[in-house]
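First the structure, in the form of C-alpha cells, and then the observations on it.
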2 protein chains.
Amino acid sequence: MTQTPGKFVSSYLLYLLAASSEAASHQFHARVRELGLRVPEWRVLACLYDQDGLMITQLARYSLMEQSRMTRIVDQMEKRGLVVRKSDEGDGRRVRVHLTEAGQKLSSDVVEEAREHERTLLSALQEVDAERIKPSLERLLDSLNSWNSAKQ
Amino acid sequence: MTQTPGKFVSSYLLYLLAASSEAASHQFHARVRELGLRVPEWRVLACLYDQDGLMITQLARYSLMEQSRMTRIVDQMEKRGLVVRKSDEGDGRRVRVHLTEAGQKLSSDVVEEAREHERTLLSALQEVDAERIKPSLERLLDSLNSWNSAKQ
DNA sequence: TTAAAAAATATGAAATTTCATATATAATGA
DNA sequence: TCATTATATATGAAATTTCATATTTTTTAA
C-alpha cells in the first residue's frame, strides 16, 4: 500500500472509505469546477435533476451538508439563475427549490458527464468486480444508515 | 432506498462512496469532537501514530487535504502541545512533525477507540460480509489510485 | 559552477463553513 | 383556544478553508 505510512491508518475502515471516495471523485470534481460549479452546487443540481422542488433541508441531507450551509449555497445558485425558491403552499415554513431552465440544461449536461465518468471508472475497476461494487455499497450504506438511526 | 429522492443520485457510485464514508464516520467523528479534537487533527494524530516525524506534505496527502491547510492545522496542534516541528537535517525545506508526550498519549487513546468503534461497526455489518468489505475497499482504492496516477 | 527549475512550507486575503440563535410557521396538547 | 413545542429557514460572527503566491532550500542541467 503506497498511500499511507503505517499499519493502523492504511487498513482502517473509515480511512478506506474516505480515501476511496476522494480518489473516485477527484477527477470528476475537477471537471465540475471546470464547468464553473462547486461540488456542493453540483450535488444540488443532481438532487433536483432527480426530483425538482426539494426543500432546503432535504437538499442538505442528500448533499451531506448542514442546513445553514445549504441555505447559502441555494442563495448563490439563485443569484446565478440556476434555481428559484418557491414557498410551499400549505406549509409556509418550507422553501421549495426549483431548477430554472438554465439550471435544467446544466444539470442534464453534468448528469450526462457524470454517467459517462462513472462508466469509465467502473470499466477501469475490473479487479474489484465492477458489477458488484455498487450493490455492495448500496447494502453497506443501508446498513450504516440503519445502524446510525438505531443509535440516535 | 430512503436516502435520496430519485433515480440518478441514489445509485451513483460517487454518491454511494461519499454517503457511505459519511455514514460510517458520523458517530465516531462526533466522539472525536467530544474528545476536543477536530477531524483533521485526529487524522494527523493517526498518521503520526503510525509513523512519527512525517512531513507536512505527507500529512496533507494522507489526511486527504491541502498543504496550506495542513500547515495551519499543525500550527494549532503545536500551540496546543500535541506535536512539535523539527527541521529535517539534510533537507532544510522539510519540516518533520513529531508527537509530544501528550500527543502520543492522546493518539494512542483515540486509535484505541477507533479500533473499538471499527470492530463494533464491522460486527453490525453482517449483511455486507464484514470480512470482505475491507479487502474490497483496499482493492478499490488501489485501482482508483493507479487509475488516477495514470491520468495525471 | 551557476542559473533555472523544482520542492517544501508559509502566509495574506477572499471566500466559505460552522455554530449558535433568531424568525416565522405549524403542530400538539391541556 | 392558547400556550408550548417542534419544524424550516435564515443570519451574524467567528473560525476555517482556499487560492495564489512568497520564501527558502535543494536539485537539475548547461
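To find a chain, count down the sequence lines: A is the first, B the second, and so on, and within it residues start at 1.
At a threshold of 4.0 angstrom between heavy atoms, the contacts of M55(A) are confined to the sugar-phosphate backbone, with no base atom among them. Backbone-only contact: R85(B) has heavy atoms under 4.0 Å from sugar-phosphate atoms and none from a base. Using a 4.0 Å heavy-atom cutoff across all strands shown, Q58(B) reaches no nucleic acid atom at all. At a threshold of 4.0 angstrom between heavy atoms, the contacts of S68(A) include nucleobase atoms, whether or not backbone atoms are also involved.
Side-chain contact between E78(A) and V97(A): absent, with no pair of heavy atoms (C-beta onward) separated by less than 4.5 Å. Using a 4.5 Å heavy-atom cutoff, the side chains of D88(B) and V95(B) are not in contact.
The separation between R69(B) atom CZ and dT9(C) atom P is 17 Å, rounded to whole Å. One atom, CZ of R93(A), and another, P of dT25(C), lie 11 Å apart when rounded to the nearest Å.
With a cutoff of under 4.0 Å to any heavy atom of chain B, the contacted region of DNA chain D is bounded 5' to 3' by dT16(D) to dT26(D).
G53(A) and R96(A) get closest at one heavy-atom pair: O-CD, 2.9 Å.
Judged by distance alone, the side chain of Q67(B) and the main-chain N or O of T57(B) form no donor-acceptor pair under 3.5 Å.
Along DNA chain C, the nucleotide nearest to I73(A) and the one nearest to D91(A) differ in position, and the one closer to the 5' end is contacted by I73(A). When each of Q67(A) and I56(B) is assigned the nucleotide of DNA chain C with its nearest heavy atom, I56(B) is the one assigned upstream, toward the 5' end.
When the shell of 6.0 Å around CD of E112(B) is examined, it contains more than 12 heavy atoms from other residues, nucleotides or ligands.
One finds no salt bridge joining E66(B) and R69(B) here, because no Lys/Arg side-chain nitrogen approaches an Asp/Glu carboxylate oxygen to under 4.0 Å.
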